[in-house]
Amino acid sequence: MHCRRFLFTMNLVFYMHKFVRRRISMLQSVLIQHLGQHIDETVVVQGWLHTKRSSGKVAFLQLRDGTGFVQGVAAKTEVSDDVFALATSLTQESSLRVTGVVVKDDRAPSGVELQVQNLEVLHLTHDYPITPKEHGVDFLLDHRHLWIRGPRQRSILKIRAEIIKAIRQFLDDRDFTQVDPPILTPSSCEGTTNLFHTQYFDRDAYLTQSGQLYMEAAAMALGRVYSFGPTFRAEKSKTRRHLIEFWMIEPEMAYTTHEESLDIQEQLIQHIVHHVLTKCQVELKAIGRDIPALENAIAPFPRISYDEAIELLQNDGHSIQWGEDFGAPHEAAIVEHYSRPVFIERFPTSIKAFYMKPDPDRPEVVLCADLLAPEGYGEIIGGSQRIDDAELLASRFAEHELPAEAYAWYMDLRQYGSVPHSGFGLGLERTVAWICGLEHVRETIPFPRLLYRLYP
RNA sequence: UCCUCGAUAGCUCAGCGGUAGAGCAUCCGGCUGUUAACCGGAGGGUCGUAGGUUCGAAUCCUACUCGGGGAGCCA
């Protein structure tokens, strides 16, 4: 019985395909997001069946094409028996071309519906794994290649794309030049334990952990630069804030102090949030983001010193002492006092990277800052003013037992026209997670690389 | 590396020492406004793997495998 039904459907599909091809090809195909501009016109929508509901006399087809969702209504009295039979036999995620009249309807979430006239099935799907009911994380990640078809994941990827667009727009408008640092590197800037090792013919090479040092060179060549690319960390981190492969934006600015860098950072974040609030209302609603909470991200952001943060934590009952680095619970406790992103600046020199410039008034701290996102999303920016003095940098290399020969080129930057300069790294996925209000960064990237997951 | 939780139908889970269960999905039937549609029926299982305890193990114990959450580290 199953088999006969299947053959019947396939014959029908073949027949309909021949029957309607000429007429459909003469009609205009329209993206779902533009249907509102075609009221009362007959159009073709090319997409997939998201879900279907049907009764004996009417079938409701939820269609998607990547740009949006629209309901196609096939009424038994309005279409041929063949088309109606085809409509009721359609399966989830079958690919199809639907011909119909665009009509206004207040019952539709987008305000329009498609009155179906004809259907052309390109491929009839069987047993699509992701059903409209709930699924577990493991199952969904194993089916990530299909999971991204869903409305929630589509919205997140759309917002990610708009965030990227906003970042580029902001930096390009302020005379930054994009410069691409290498992905294959001879060694790291901060230890090799977290680096992905690979072969470079007969030598060792590592996947980049940060393009920063190269960007310092680029800033001396082009003034204001930024990189935008993937970063790899072989850390055995398994939390909602960590990916093995993630994307970073690393601006680097010549003739720029720590304070000027902070100004740019907060304006950038404000611009991103404003852009997403302007362009992505539909997507933000689709994923259930608390929009008023996002609207709080207006510059200037609070700037507190490491000293003040320690005091604040001690007053909250934490046993942390000056000189210790913050753990995740500390960051969460600090952020709880604010509803906006907050800068923590001037950390102890001893716990920060070798290239950070000491505060001239207090050499025990460096001119650096972390920007913590609100609502517990953790550090989204880390930045600093860099050491511009050749002698000091040389002594830092010695203190950190770094191989000076490998970094001769980096030392050169302090030999030939050294200037005060600053830069920062913005973690894309954590920013997307915060703006989307997600539980986990794994949903912010199309194909997440996680500690125990390299598939698909 | 450490702590902690988990693995039972295609999916989500219940069952916690005595005949393997539910909802959804699938298939069949019904329904002209559904929004995770609804109503009736059917099929569907080596209870993660290997040992052990017991008259009897999905259930208790041990080891292993795979995964979730978290710590450290970091964006």
Side-chain angles (χ1 to χ4, degrees), chain A residues 1-6 50-62 69-79 84 88-89 91-92 105-110 113 115 125-143 150-152 190-191 193-195 209-212 230-250 324-332 351-353 370-373 377-383 424-434 439-442 444-445 450-453 455:
Chain A
M1 192 60 202
H2 182 132
C3 188
R4 275 173 58 193
R5 179 63 192 238
F6 177 72
H50 180 237
T51 58
K52 177 192 74 183
R53 284 175 284 276
S54 65
S55 66
K57 303 280 169 49
V58 61
F60 301 99
L61 311 176
Q62 309 299 330
F69 290 79
V70 70
Q71 174 163 273
V73 183
K76 194 173 173 66
T77 52
E78 301 292 322
V79 298
F84 189 75
T88 53
S89 71
T91 53
Q92 200 189 348
D105 195 310
D106 293 337
R107 289 169 292 194
S110 68
E113 278 187 348
Q115 294 284 354
T125 293
H126 288 283
D127 298 323
Y128 186 70
I130 303 180
T131 58
K133 293 289 174 175
E134 63 193 69
H135 300 280
V137 173
D138 194 39
F139 177 82
L140 288 172
L141 285 171
D142 280 341
H143 295 85
R152 176 181 169 83
E190 295 163 63
T193 49
N194 295 332
L195 288 177
Q209 188 187 45
S210 162
Q212 184 205 311
T231 302
F232 309 88
R233 303 268 167 99
E235 291 161 4
K236 298 219 166 176
S237 297
K238 206 173 60 167
T239 79
R240 66 186 68 188
R241 301 181 304 280
H242 287 89
L243 292 169
I244 302 301
E245 176 184 302
F246 65 97
W247 287 64
M248 265 208 302
I249 298 88
E250 294 183 277
E324 293 175 43
D325 207 352
F326 301 135
H330 299 127
E331 284 187 2
I351 57 170
K352 282 294 179 179
D370 290 347
L371 182 66
L372 303 183
Y377 285 94
E379 184 185 345
I380 55 173
I381 289 181
F424 60 94
L426 170 66
L428 179 64
E429 284 76 16
R430 284 190 186 174
T431 303
V432 176
W434 162 50
E439 283 295 306
H440 201 298
V441 288
R442 65 186 161 218
T444 64
I445 188 164
L450 300 161
L451 184 52
Y452 296 122
R453 194 174 285 281
Y455 176 93

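Order of the sequence lines sets the chain letters (A, B, ...), proteins ahead of strands, with each chain counted from 1.
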Write down the distance separating the P atoms in B:G33 and B:C28, rounded off to the nearest Å. 23 Å
Lys/Arg-Asp/Glu bridge criterion (N-O < 4.0 Å) met for A:D142, A:R453: yes
Side chains of A:L141 and A:L450, heavy atoms from C-beta outward: is any pair under 4.5 Å? yes
Select one nucleotide: of B:A75, B:G67, B:G33, the one nearest the side-chain heavy atoms of A:E113. B:G33
Contact class for A:L243 (heavy atom, under 4.0 Å): base, sugar-phosphate, or nothing? base
Nearest-Å distance for atom pair CD1/P, residues A:I351 and B:G72: 13 Å
Quick one: which of B:A75, B:U34, B:C24 gets closest to the side chain of A:Q71? B:U34
Over how many whole Å does the gap from A:E134 atom CD to B:C13 atom P extend? 7 Å
Looking only at heavy atoms, the pair that brings A:R241 and A:A328 closest together is NH2-CB, 3.7 Å
NA contact type, A:T431, heavy-atom cut-off 4.0 Å: base, sugar-phosphate, or nothing? nothing
Opposite nucleotide pairing with B:G33, Watson-Crick or G-U, both atom distances under 3.5 Å: none
Step-by-step side chain to side chain contact (heavy atoms under 4.5 Å, CB included) determination, A:R233 to A:F246: CA-CA 8 Å; A:R233 303 268 167 99; A:F246 65 97; 3.6 Å; yes
Does A:Y452 reach a base, just sugar-phosphate, or nothing at all? Heavy atoms under 4.0 Å. sugar-phosphate
A:E379 CD - B:G72 P separation (whole Å): 13 Å
One pair to check against side chain to side chain contact (heavy atoms under 4.5 Å, CB included): A:L451 and A:K236. What are the steps and the verdict? CA-CA 6 Å; A:L451 184 52; A:K236 298 219 166 176; 4.3 Å; yes
Round to the nearest Å and state the distance from A:H126 atom NE2 to B:A25 atom P. 18 Å
Kindly point out which of B:U34, B:G69, B:C74 is positioned nearest to the side chain of A:R233? B:C74
Give me the distance, rounded to whole Å, that separates B:U1 from B:C64 when you measure between the P atoms they each carry. 13 Å
Base, sugar-phosphate or nothing for A:A108? Non-hydrogen atoms, less than 4.0 Å. nothing
Under 3.5 Å, is there any donor-acceptor pair linking the side chain of A:R430 to the base of B:C74? yes
Begin with the C-alpha distance, continue with both residues' side-chain angles, and end with the deciding distance and a verdict on side chain to side chain contact (heavy atoms under 4.5 Å, CB included) for A:E429 and A:H242. CA-CA 9 Å; A:E429 284 76 16; A:H242 287 89; over 6 Å; no
Under 4.0 Å, counting only non-hydrogen atoms across every strand here, what does A:K76 touch: a base, just sugar-phosphate, or nothing? nothing
Per A:D138 side chain, nearest of listed nucleotides B:A75, B:A71, B:G67: B:G67
Minimum-distance nucleotide to A:D105 side chain [options: B:G33, B:A36, B:A75]: B:G33
To the nearest Å, how far apart are A:R442 CZ and B:A75 P? 22 Å
Under 3.5 Å on both distances, the Watson-Crick or G-U partner of B:A71: B:U1
Sort and list the pairs that fulfil side-chain hydrogen bond (donor to acceptor under 3.5 Å, both in side chains) and have at least one residue in residues 50-62 of chain A, not counting sequence neighbours. A:Q62-A:Q71
Test for a donor-acceptor pair under 3.5 Å between the base of B:C11 and the side chain of A:T131, counting only N and O atoms. no
Quick one: which of B:U12, B:C31, B:U1 gets closest to the side chain of A:S55? B:C31
Using atom CD1 of A:I380 as one end and atom C1' of B:C74 as the other, report the distance to the nearest whole Å. 15 Å
Let's see if you can work this out: which of B:G72, B:U26, B:G33 has an atom nearest to the side-chain heavy atoms of A:S237? B:G72
Please compare A:L451 and A:K52 by the position of their nearest nucleotide in RNA chain B and report the one closer to 5'. A:L451
Does A:R241 put a side-chain nitrogen or oxygen below 4.0 Å from OP1 or OP2 of B:G72? no
Can you tell me, in whole Å, how much space there is between the C1' of B:U12 and that of B:A25? 11 Å
May I have the distance from A:Q92 (atom CD) to B:U34 (atom P), rounded to whole angstrom? 21 Å
Measuring from the side chain of A:H135 (C-beta onward, heavy atoms only), which nucleotide among B:U1, B:G33, B:U12 has the closest atom? B:U12
What nucleic acid atoms does A:T77 come within less than 4.0 Å of, heavy atoms only: base, sugar-phosphate, or nothing? base
Ignoring the backbone of A:F246, work out which of B:U32, B:G69, B:A75 is nearest its side chain. B:A75
Which whole-number value in Å describes the distance from A:K57 NZ to B:G33 P? 10 Å
Quick one: sort the A:H143 and A:F139 rings into parallel, tilted or perpendicular, breaks at 30° and 60°. tilted
With a 3.5 angstrom cut-off on both distances, give the Watson-Crick or G-U wobble partner of B:G43, or none if there isn't one. none
P atoms of B:C16 and B:G68, separation to the nearest Å: 29 Å
Hey, does A:E429 reach any base, or is it just sugar-phosphate, or nothing, if we go heavy atoms under 4.0 Å? nothing
For the C1' atoms, the ones on B:A14 and on B:G6, what distance do you get once it is rounded to whole angstrom? 15 Å
Work out how far the P atom of B:G30 is from that of B:U8, and round it to whole angstrom. 37 Å
Ignoring hydrogens and angles, are the base of B:G69 and the side chain of A:T239 linked by a donor-acceptor pair under 3.5 Å? no
Tell me what A:F139 touches on the nucleic acid: a base, only sugar-phosphate, or nothing, going by heavy atoms under 4.0 Å. sugar-phosphate
Euclidean distance for C1', B:A71 against B:G21 (whole angstrom): 39 Å
Does A:G378 reach a base, just sugar-phosphate, or nothing at all? Heavy atoms under 4.0 Å. nothing
When all nucleic acid strands are considered with a 4.0 Å heavy-atom cut-off, which category describes A:H440: base, sugar-phosphate, or nothing? sugar-phosphate
Scan every strand shown for a Watson-Crick or G-U wobble partner of B:A63, both distances under 3.5 Å, and answer none if you come up empty. B:U49
How far does the P atom of B:C13 sit from the matching atom of B:G18, given to the nearest Å? 24 Å
I'd like to check A:T231 versus A:W247 (side-chain heavy atoms, cut-off strictly below 4.5 Å). Are they in contact? no
Re B:C55: Watson-Crick or G-U wobble partner, both distances kept under 3.5 Å, found to be B:G18
With both distances under 3.5 Å as the test, what is the Watson-Crick or G-U wobble partner of B:C24? B:G10
